[in-house]
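Presented below is the structure to which this report refers.
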Amino acid sequence: MVLQMDSKHSAKKPTIADVAALAGVSVAAVSQVISGKGRISSWTAQIVKDAINELGYVRNHNASTLRSGKTNLIGIVLHNISDNFCAELLDGVSGELEANGKIPLFIQYGKDGASLENRIDLFLHLNVDGIILITPYDVSDDLYIRLSNTPTAYISRNCHYNKKHHIGPNYFNAVETATEHLIKHGHRNIAFIGGEKDSYSRAERIGGFFSALISYDVIPHNEWIIDCPNNQRIAAEKTSNLLTHNPQITAILAYDEMTANGAIHGIQQAGKSVGKDNYIARQIALLCLENIPDTAITNLTCIDFSLKEIGMRAAQDLIQQLESHPGQPNNTVPKLILRDSA
DNA sequence: TAAGCGACGCCATCTTGGCT
DNA sequence: AGCCAAGATGGCGTCGCTTA
């Protein structure tokens, strides 16, 4: 019987009370040593630390959660971790959370909304302190209601900037900046290639494009705005066709990296080359509306949406909510990365 | 005034005891 | 036997008090 009790006792994890008993101090004193708060002499602190080492004591996270009401867990729900958009955002989000003592947990969901709601419910059952939702789409009103009692920051590709705690790439400003750059370098005949017709973010990009053209008194040509699926071959065909029938075009804005790569081939098929020199009428300036890393083979001028920075700002917004100082995340300013193509 | 301690509260889950 | 309310349990953080 005694042996059984001893065996059972030895298997039990040491608690703060065990540490206190071994150190000859109160539980409160041990707690203060562990947290670094309160007034404890260095002599007592050292005795407590020795007792902790001797027993192999580790603070019980569940008990700490019970007392403080905080888990320090932050649930990150994202669409697809292998997607560059999500990966870059996640880099910023997790870095900022860890720097503030939070534990990021992430989970991905499929395309169906039910799966997204299941993932969110899972985090709510885990009693996370807050949630960061990274989604390609705008969030439904039902989901907003479901998350209304949980501090949440939203990042999405197509976001409505008037919604609270919502941040995302500012496509309008990005394309406005890119178009201005081309106009300032003498281009008046600029085409826009790429994106699906029903895409919200494409509409936003075209809005920025038109805004820049109009503010510089450049006449927009609707027939030079070409939609295109995410397919390099089709982008090449459409670019070649456009340039063959409209030789006055001197610059192209490409929707994304795939479109830009297709456009390079299309420009060559039309008997021209990619470059900044629009005076000899044989070079087409090409500007990609998506960040292309320096390591890429092509040397394209492009727009950097600062996705890592967006992730950091969303995490900062969530931390402010947790500290009961809710603000509103400021959107990042897209940067133009100048290279050889435009 | 520094150092240390007791008591309380957190809250989901389990146990106990009383009642029908 | 079944149900329900009340109490106990787990480990920890912190307020406010006591002691030297």
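Residue numbering restarts at 1 for every chain, and letters A, B, ... go by the order of the sequence lines. Note that the structure is a prediction, hence the values are computed from the model and not measured.
Shown here are the side-chain contact (heavy atoms from CB on, under 4.5 Å) partners of A:Thr44, two or more places apart in sequence or in another chain: A:Val25, A:Ile40, A:Ser41, A:Val48. Partners of A:Lys102 by side chain to side chain donor-acceptor pair (under 3.5 Å), not counting sequence neighbours, listed by chain and number: A:Asn72. Residues passing the side-chain contact (heavy atoms from CB on, under 4.5 Å) test with A:Asp304 are A:Asn291, A:Ser306, A:Lys335, A:Ile337, sequence neighbours excluded. Residues passing the side-chain contact (heavy atoms from CB on, under 4.5 Å) test with A:Ala285, sequence neighbours excluded: A:Leu182, A:His187, A:Ala251, A:Ala342.
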Extract all donor-acceptor atom pairs below 3.5 Å that involve side chains of residues 210-225 of chain A and protein atoms in other chains or at least two apart in sequence.
unit_1, atom_1, unit_2, atom_2, d
A:Ser211, OG, A:Glu176, OE2, 2.5
A:Ser215, OG, A:Ser211, O, 2.9
A:Ser215, OG, A:Ala212, O, 3.0
A:His221, ND1, A:Glu223, OE2, 3.4
A:Trp224, NE1, A:Asn246, OD1, 3.2

Starting at the 5' end of nucleotides 13-20 of chain C, put B wherever the base has a protein heavy atom under 4.0 Å, S where only the sugar-phosphate does, and a dash everywhere else.
-> BB------
